[in-house]
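When a residue number appears, it is its place in the shown sequence, counting from 1. For clarity, every value in this text was computed on a predicted model and none was experimentally measured.
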Amino acid sequence: MRILIVEDEYHLVEVLQKGLKEDGYAVDIANDGQEAIDLATVVHYNLIILDLMIPIKSGIEVLRELREEGNKIPVIILTAKDSLEDKVLGLDIGADDYLTKPFAFAELRARIRALLRRKLGESNNVLKADNLVLDTISHKVSRAGKDIDLTVKEYAVLEYLVRNRGQVLSRTQIEEHVWDYRYGNNSNIVDVYIRYLRKKIDQGFDEKLIETVRGRGYRLRVVE
């Protein structure tokens, strides 16, 4: 999952970025409204966390412009503006949620998960593919009842494969979904992590879930 944080308060950006990366999200930062629009136009984000009081273009202007362009990306407004009028305006223009500062990070996490579930049409926090089970809150993974210990990035790659099971995902799609743009391009990083996952997910099982589709990328098999 890839999230864009639109915020100009340096300390808060650090806190949000650190916490969300620990949760396995890829995180990009925009410090002003124009940069937010530029990034949201060219990068596929799963969610935007948007402050209202930012330079160049306000959060309201950013939100209005995105919605007028038909961009339906989920948006959580995170702001110190706590009046009823501000909340109504933000939600009416197209925000999906509104959270005021100061806030508890645990609540923001929960709201992100709830919003992403709604966007993806999911009813709970558990993902399943055959006998592979992922808990999207605790990030615990098991196969056939056996617990599997994954790193943050291994989990992020696997979750993306599971959410798109049956679909071929290119290396570029996986890389752009799991790593933020500051990471830069590493031509074999996806192959490396697929290798790690195969050792942990498929080794010892007759049914191999992770497939290589030659010349195209990788796919998580749908087992009949």
Side-chain angles (χ1 to χ4, degrees), residues 1-67 69 71-83 86-87 89-91 93-119 136-139 151-157 159-160 174-186 189:
M1 296 288 182
R2 192 165 181 176
I3 292 176
L4 175 63
I5 298 172
V6 186
E7 172 65 65
D8 66 334
E9 186 182 334
Y10 178 74
H11 176 68
L12 180 56
V13 167
E14 278 195 323
V15 171
L16 290 172
Q17 187 174 37
K18 181 176 183 293
L20 293 174
K21 283 189 172 183
E22 287 174 354
D23 286 345
Y25 298 107
V27 181
D28 292 340
I29 307 297
N31 298 124
D32 63 66
Q34 186 58 57
E35 185 180 13
I37 291 169
D38 292 343
L39 284 172
T41 300
V42 298
V43 179
H44 174 73
Y45 291 105
N46 298 97
L47 184 138
I48 295 177
I49 298 173
L50 177 66
D51 187 17
L52 294 183
M53 296 181 287
I54 49 177
I56 303 181
K57 290 187 177 181
S58 71
I60 290 295
E61 290 175 296
V62 170
L63 183 57
R64 182 180 283 116
E65 189 167 330
L66 290 176
R67 295 303 188 236
E69 291 175 353
N71 192 321
K72 298 180 180 179
I73 183 171
V75 173
I76 297 177
I77 290 176
L78 181 63
T79 181
K81 302 185 76 172
D82 59 359
S83 72
D86 288 323
K87 293 177 183 178
L89 176 61
L91 293 169
I93 286 176
D96 299 273
D97 202 351
Y98 196 109
L99 184 61
T100 57
K101 304 172 186 176
F103 64 97
F105 194 73
E107 181 180 2
L108 176 61
R109 280 175 164 146
R111 288 175 183 247
I112 289 172
R113 290 193 298 267
L115 191 51
L116 291 175
R117 282 200 308 272
R118 292 200 297 272
K119 177 68 174 177
T136 60
I137 295 180
S138 65
H139 289 187
T151 66
V152 171
K153 287 301 182 188
E154 287 169 352
Y155 175 86
V157 173
E159 182 183 328
Y160 188 44
I174 296 171
E175 185 174 338
E176 289 181 349
H177 186 86
V178 174
W179 285 271
D180 61 59
Y181 76 89
R182 288 181 176 85
Y183 175 80
N185 182 267
N186 185 328
I189 190 66

Does any part of the side chain of [Y], heavy atoms only, come nearer than 4.5 Å to the side chain of [X], both counted from C-beta?
| X | Y | result |
| --- | --- | --- |
| Ile77 | Leu91 | no |
| Ile76 | Ile112 | yes |
| Leu16 | Ile29 | no |
| Glu65 | Asn71 | no |
| Leu108 | Leu99 | yes |
| Leu4 | Ile49 | no |
| Lys21 | Val152 | no |

Check your understanding: So, does His139 use its side chain to make a donor-acceptor pair with the main chain of Asp23 at under 3.5 Å?
Key ->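 Yes, because the side chain of His139 sits within donor-acceptor range (under 3.5 Å) of the backbone of Asp23.
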
Check [X] against [Y] and note the closest heavy-atom contact, atom names and distance.
| X | Y | answer |
| --- | --- | --- |
| Leu50 | Gly59 | CD2-O, 3.4 Å |
| Tyr155 | Thr136 | OH-CA, 3.3 Å |
| Ala156 | Gly24 | CB-O, 3.6 Å |
| Asp32 | Pro55 | CB-O, 3.4 Å |
| Leu63 | Gly90 | CD2-O, 3.6 Å |

**Study point:** Inter-residue atom distance Leu78.CG - Leu52.CG, 0.5 Å rounding
**Key:**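 Atom-to-atom, Leu78:CG and Leu52:CG are 9.0 Å apart.
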
Point to revise | Gap between atom OH of Tyr45 and atom CD1 of Ile5 - 0.5 Å precision | key: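 Interatomic distance, Ile5 CD1 to Tyr45 OH, rounded to 0.5 Å: 10.5 Å.
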
Exercise for review: Could you tell me whether Lys18 and Glu14 have a side-chain N and a carboxylate O separated by less than 4.0 Å?
Suggested key: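 No, Lys18 and Glu14 are not salt-bridged.
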
Taking salt bridge (Lys or Arg N to Asp or Glu O under 4.0 Å) as the test, write out the residues that go with [X], two or more places apart.
| X | value |
| --- | --- |
| Arg113 | none |
| Glu176 | none |
| Asp96 | Arg67 |
| Lys101 | Glu7, Asp51 |

Review point. Yes or no on side chain to side chain contact (heavy atoms under 4.5 Å, CB included) for Ile48 and Ile3, after CA distance, side-chain angles and deciding distance?
Key: CA-CA 6 Å; Ile48 295 177; Ile3 292 176; over 6 Å; no

Can you list the residues that meet the side chain to side chain donor-acceptor pair (under 3.5 Å) rule with [X], with sequence neighbours excluded?
| X | value |
| --- | --- |
| Gln34 | Asp38, Lys57 |
| Ser58 | Glu61 |
| Asp97 | Arg111 |

Those residues that, when tested against [X], pass side chain to side chain contact (heavy atoms under 4.5 Å, CB included) (two or more places apart):
| X | result |
| --- | --- |
| Asp86 | Lys81, Ser83, Tyr98 |
| Arg64 | Ile60, Glu68, Ile93 |
| Asn46 | Met1, Arg2, His44, Leu116, His177 |
| Ala114 | Arg117, Arg118 |

Practice item. Would you sort out whether Ile54 and Asn31 count as a side chain to side chain contact (heavy atoms under 4.5 Å, CB included), showing the intermediate values? Key: CA-CA 7 Å; Ile54 49 177; Asn31 298 124; over 6 Å; no

Check your understanding: By ring pair (Phe, Tyr, Trp, His ring centres under 6.0 Å), which residues pair with Tyr25, not counting sequence neighbours?
Key ->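 Tyr25 satisfies ring pair (Phe, Tyr, Trp, His ring centres under 6.0 Å) with no other residue.
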
